[in-house]
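If you read the sequence from its start, that first residue is 1, and numbering goes on from there.
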Amino acid sequence: MYDFNFWSPTRFVFGRGATDRTGEELAHLGYKNVLIVYGGGSVVRTGTLDRVKASLDAAGIAHVELGGVRPNPEIASVRAGIELAREHKVDLVLPVGGGSAMDAAKAIALGTPYDGDVWDFFAKRAVPAEHLPVGCVVTIPASGSEASNSCVISNDELHLKSGCNTDLNRPVVAILDPELTFTLPPYQTAAGITDMIAHIMERFFSGAPAVPVTDNIACGMIRAVVDAAPRVMENPEDYDARANIMWVGTLAHNGLAGNGLMIPGTGRDGDWSCHGLEHELSAFDTTITHGAGLAVIFPAWMRYVWREHPERFLEFGSQVFGIEPVDPEIDDLSDIDEEITPERAIEDAVEATIDELQDFFVSLGMPRTLGELGIEEDDIEKLIPGLKTNKGEKFGTFRPLTLDDARAIYRSAL
């Protein structure tokens, strides 16, 4: 087990009706004037925004709004939010929504006290030194942004999607009400499930040796989601299933699933190659949902790299799906014509694990290929410049990848 620091300062308020306690919780923490950030209107249509504002009013907390934040939030909306925050002298930024609203809010919080342009943080020209606090009312369990140190913003002018990781991004409070997720469309639910599983797998497949405590936490969370997912697809108002998915989404990205797995000197608690590869897809076409892109990229990456550390895939397959390699000395192989060597047994078990994972994603309504997302072979070269800017000529810790490796992974996923 490698050394690690784990810090999760967020106060979680979880359960039925938690939305209506937003004002009470913020007042308890001393906040008096907030900027509400939200997206394209679902929080308006469902009444969630009105409930939040009513709770703020009841607690005597003033508020101003920034609506219309799109999926894959763009830097222009962040700059507009910074102007509002400065003009109204807010003391907290409060996103109401999913990962896009939360990421936009975090960027606004970083940019408000900064003298330069907020994109400097995402272009790695500057390091954040101060911020406004952020609180969250989560309506879409997916990104885990309500507890993470990460923030990802798009810049359409530069055709880039870049992240900024700092503990300043960690929210002070997160309101988690599973009932808000009852009305989520199935596709959005499935994309969120894929995203949270990907957050866990990025850490599990870091390239570090096994850490039994952390490995059991990680695989246990994935098993819980795999169990709950078909239940919410059949009955969107299954509260227990929704609650389990929501809580896993939070724990998947607050660092818990990566403790002891950070390879010294990397500065990252996981591999994060798949997120880097996917970010170029949703930067190239902002209508591509992040989780949908990951549903295609992760299995393609797994098939490309598994031979580097097959033992991690065997552990994952065993714990998550109960897949074990065939043992020629014990198992009945009378119905198999060809000889099963130990190497072949391992390969079959790993391939079965990857197939099982991808079939699970597809069963939820996620795509299997990049072609289903509208990506063609001619588009691959258009993804590489942004990947080079964001990840460099070589990236990844499970197996260091080159840009040619990236091309091969994209091509294999078509």
Side-chain angles (χ1 to χ4, degrees), residues 22 26 31-45 48-50 52-53 56-57 61-140 143 145-146 148 150-166 168-172 279 282-283 285-290 386:
T22 302
L26 294 184
Y31 298 109
K32 299 178 179 178
N33 185 17
V34 307
L35 169 63
I36 303 173
V37 178
Y38 59 95
S42 63
V43 296
V44 176
R45 292 192 301 273
T48 300
L49 183 63
D50 284 340
V52 171
K53 291 195 291 186
L56 296 175
D57 290 339
I61 297 175
H63 46 88
V64 61
E65 300 175 28
L66 174 72
V69 173
R70 74 174 198 201
N72 299 306
E74 213 273 332
I75 193 65
S77 62
V78 172
R79 291 170 179 144
I82 290 170
E83 290 184 12
L84 274 174
R86 289 172 176 169
E87 178 186 351
H88 293 274
K89 296 181 173 57
V90 304
D91 56 11
L92 178 130
V93 186
L94 181 68
V96 180
S100 296
M102 287 186 273
D103 278 5
K106 288 180 177 183
I108 291 166
L110 293 176
T112 298
Y114 178 58
D115 288 337
D117 179 39
V118 66
W119 184 253
D120 290 346
F121 300 137
F122 299 89
K124 308 300 184 284
R125 291 190 293 261
V127 176
E130 53 184 328
H131 71 131
L132 288 177
V134 174
C136 302
V137 179
V138 183
T139 64
I140 304 173
S143 70
S145 194
E146 66 272 12
S148 79
S150 64
C151 169
V152 180
I153 298 295
S154 294
N155 187 320
D156 289 356
E157 181 182 357
L158 301 178
H159 301 288
L160 288 175
K161 184 175 179 180
S162 300
C164 175
N165 284 39
T166 168
L168 296 176
N169 281 333
R170 294 189 187 273
V172 294
H279 283 163
S282 46
D285 180 354
T286 59
T287 66
I288 293 176
T289 303
H290 179 53

Student: Using the ring pair (Phe, Tyr, Trp, His ring centres under 6.0 Å) criterion, which residues pair with Y38? Sequence neighbours excluded.
Tutor: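 For Y38 there are no ring pair (Phe, Tyr, Trp, His ring centres under 6.0 Å) partners, ignoring immediate neighbours.
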Student: State, to 0.1 Å, how close G111 and I82 come at their nearest heavy-atom pair, and which atoms those are.
Tutor: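 Closest heavy-atom pair between G111 and I82: CA-CD1, 3.6 Å.
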Student: Which pair of heavy atoms, one from L35 and one from E65, lies closest together, and at what distance?
Tutor: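 Where L35 meets E65 most closely, the heavy atoms are CD1-C, 4.1 Å.
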Student: How many angstroms lie between NE2 in H63 and CG in N33, if you round to the nearest 0.5 Å?
Tutor: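 These two atoms lie 9.5 Å from each other.
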Student: List, one per line, each side-chain donor-acceptor pair under 3.5 Å for residues 128-140, sequence neighbours excluded.
Tutor:
from	atom 1	to	atom 2	distance (Å)
H131	ND1	L168	O	3.0
T139	OG1	G97	O	3.4

Student: So do D120 and Y114 actually touch side chain to side chain, heavy atoms under 4.5 Å?
Tutor: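 SC-SC contact between Y114 and D120 confirmed.
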Student: Taking the side chain as everything from C-beta on, heavy atoms only, tell me whether L66 gets closer than 4.5 Å to I108.
Tutor: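 The answer is yes, as the side chains (C-beta and beyond) meet within the 4.5 Å cut-off.
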Student: Could you check L94 against T22 for side-chain contact (heavy atoms from CB on, under 4.5 Å), going step by step and ending with a plain yes or no?
Tutor: CA-CA 10 Å; L94 181 68; T22 302; 4.1 Å; yes
Student: Could you note down all residue pairs passing salt bridge (charged side-chain N to carboxylate O under 4.0 Å, His left out) where residues 72-91 supplies at least one of them, sequence neighbours left out?
Tutor: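 Listed by first then second residue: R79-D117.
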Student: What closest approach, in Å, do P73 and D103 show between heavy atoms, and which atom pair accounts for it?
Tutor: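 So the two residues come closest at CG-CB, 4.2 Å.
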Student: For a 4.5 angstrom cut-off between non-hydrogen side-chain atoms, does L110 reach C164?
Tutor: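 A side-chain contact exists here, since the closest heavy-atom pair is under 4.5 Å.
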Student: Check the surroundings of atom NZ in K124: do more than 12 heavy atoms from other residues, nucleotides or ligands lie under 6.0 Å from it?
Tutor: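 Counting other residues, nucleotides and ligands, NZ of K124 exceeds 12 neighbours.
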Student: Using a 4.5 Å cut-off on heavy atoms from C-beta on, say whether the side chain of L56 contacts that of I36.
Tutor: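 I36 reaches L56 side chain to side chain.
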Student: Considering non-hydrogen atoms only, spot the tightest contact between P113 and A109 and give its length.
Tutor: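 Between these two residues, the closest heavy atoms are CD-O, 3.4 Å.
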Student: Please check this pair: side chain of S100 against backbone of N72, looking for a donor-acceptor N/O pair closer than 3.5 Å.
Tutor: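 Yes; judged by distance alone, with no hydrogens or angles, the pair exists.
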Student: Do the side chains of V118 and I153 get nearer than 4.5 Å, heavy atoms only?
Tutor: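 Counting from C-beta outward, I153 and V118 never come under 4.5 Å.
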Student: Does the side chain of V172 reach to within under 4.5 Å of the side chain of L92, using non-hydrogen atoms?
Tutor: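 Yes; the side chains approach each other to less than 4.5 Å.
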Student: Spell out, as yes or no, whether a donor-acceptor pair under 3.5 Å connects the side chain of N155 to the backbone of L160.
Tutor: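 Answer holds: no.
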Student: Does the side chain of C151 reach to within under 4.5 Å of the side chain of F122, using non-hydrogen atoms?
Tutor: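 Heavy-atom side-chain distance check passes, below 4.5 Å.
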Student: Output, in order, the C-alpha distance, side-chain angles, deciding distance and verdict of side chain to side chain donor-acceptor pair (under 3.5 Å) for S148 and K106.
Tutor: CA-CA 11 Å; S148 79; K106 288 180 177 183; 3.2 Å; yes
Student: Considering only NZ, NE, NH1 and NH2 on the basic side and carboxylate oxygens on the acidic side, decide whether D156 and R70 come within less than 4.0 Å.
Tutor: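 Salt bridge between D156 and R70, a charged N being under 4.0 Å from a carboxylate O: yes.
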